[in-house]
Amino acid sequence: MTGTATKVVVTGLGVAAPNGLGTQDYWAATRTGKGGIGRVTRFDPSQYPSRLAGEVPGFEARDHLPSRLLPQTDHMTRLALVAADWALADAGVKPQELPEFDMGVVTASSSGGFEFGQRELQALWSKGGQHVSAYQSFAWFYAVNSGQISIRNGMKGPSGVVVSEQAGGLDALAQARRQIRKGTQLIVSGGMDASVCTWGWVAQLAGKRLSTSDAPERAYLPFDAEARGHVPGEGGAILILENAEAARSRGARTYGEIAGYGSTFDPKPGSGRPPGLRKAIELALADAGVTPAEVDVVFADAAAIPELDRVEAEALTAVFGARGVPVTAPKTMTGRLYSGAAPLDVATALLAIEEGLIPPTTNVEPADGYGLDLVTGEARPAEVRTALVLARGFNGFNSALVVRATH
């Protein structure tokens, strides 16, 4: 939708990432190439082939949330609740002052509350059903972050959850934009995942895409000749999306506009049909009403699986030409955060627009043949007005989102 369609802007950011707790700390680390990947501390990883993760540092839920919430929430939900609080404060929004049906929550999730579920299943196996928390009925569920955020803030407007693995973070933001265009004033959106527990670890290992390197600086190397899979992580970002006119009328500061979106699904392997990522990019650009020449930076999905890196590079060179646009993957500093990764990339793109600085893809030496202008080493000063964010989910999801400066 372009032309007269309602403009939707981002007015608040809340970040919990492996290299920074809070937007300010995250951006200070990311703009200087400081990573947050290390050996897993949430459990003993020594018996597993993959032992590195991006873990959110210094987060103590009891410092931020009332004690009554702690027994009923998984680690990921606690992160989401706190990030939502920060995002609302950043936007200058006091939910109690707005009509409850004019506010909604749309988040993404790829695994739900795995750590909570693991603990309760262990109680079931070892002690019996009477020792299983009643909160298990919802604390593990994909939609729990949306539910808990909406309850905590009295938000009764359109709400839901999108489950499309790593692509879900963009899909949730697109659904939020759709609801605002239908008349809702404000949507809390984004994604937060945290499956750094043994049950979640085994599930991730089953996908056969995790790096087995024990060297944090050599473990996650998208578009590099030594690419060997990704490092998983926890965290993400929660964003406040608003009707642009409503935001302007209350004097809100805006980070940028959610200007365009496209999504596709890959064909069946062996069908001979091309992957869908290029089409998703083209749909997003058309939706935003921008040409490839107007895009100042691409935040790559960056799978670090050679064949998937090749697909992404080919899609980008087909749309923008060889080395036609700066490309970056700051998730090399955090690991792949599943449904939290793309909202974090969107937040990063908005911060890049604000400062005029493209953050680097750390530790990577671009392999020959990809044809990408990959920003490596250190951040690159640049006027950033329009950014494209890409995300792909396991087994074929492709999503692309365009964010644009509003001033």
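Worth knowing before you read on, the calculation uses all heavy atoms, side chains too, and leaves out hydrogens, waters and symmetry mates. Since this is a predicted model, take the numbers as computed values, not measurements.
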Do the side chains of [Y] and [X] get nearer than 4.5 Å, heavy atoms only?
| X | Y | answer |
| --- | --- | --- |
| Val188 | Asn153 | no |
| Phe59 | Leu79 | yes |
| Pro366 | Thr376 | yes |

Which pair of heavy atoms, one from [X] and one from [Y], lies closest together, and at what distance?
| X | Y | result |
| --- | --- | --- |
| Ala405 | Ile353 | CB-CG2, 3.7 Å |
| Ala400 | Leu390 | CB-CD2, 3.6 Å |
| Gly104 | Met155 | O-SD, 4.1 Å |
| Asp309 | Ala303 | OD1-N, 3.4 Å |

Please find out if less than 6.0 Å separates the ring center of [X] from that of [Y].
| X | Y | answer |
| --- | --- | --- |
| Trp199 | Phe114 | yes |
| His75 | Phe116 | no |
| Phe43 | Tyr48 | yes |

In terms of ring plane angle, is the pair Phe223 and Tyr370 parallel, tilted or perpendicular, where the classes change at 30° and 60°?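 Taking Tyr370 first and then Phe223, their aromatic rings stand perpendicular (interplane angle over 60°).
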How about [X]: does its [atom1] atom have over 12 heavy atoms from other parts shown lying under 6.0 Å from it?
| X | atom1 | answer |
| --- | --- | --- |
| Glu365 | CD | no |
| Gln122 | CD | yes |
| Glu307 | CD | yes |
| Gln24 | CD | no |
| Glu294 | CD | yes |

CG-CD distance between Leu372 and Glu314, expressed to the nearest 0.5 angstrom: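 It is 10.5 Å, given to the nearest 0.5 Å.
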Under a plain distance cut-off of 3.5 Å, with no hydrogens placed, do Thr23 and Asp90 share a side-chain donor-acceptor pair?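 Asp90 vs Thr23: no donor-acceptor pair found between side chains.
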Side-chain donor/acceptor of [X] to backbone N/O of [Y], under 3.5 Å:
| X | Y | value |
| --- | --- | --- |
| Arg380 | Ile358 | no |
| Asp193 | Ser110 | yes |
| Asp102 | Gln185 | no |
| Ser146 | Thr107 | yes |
| Arg152 | Asp85 | no |

Is the Lys NZ or Arg CZ of Arg253 less than 6.0 Å from the centre of Tyr255's six-membered ring, within 45° of the axis?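 The answer is yes; both the distance and angle limits are met.
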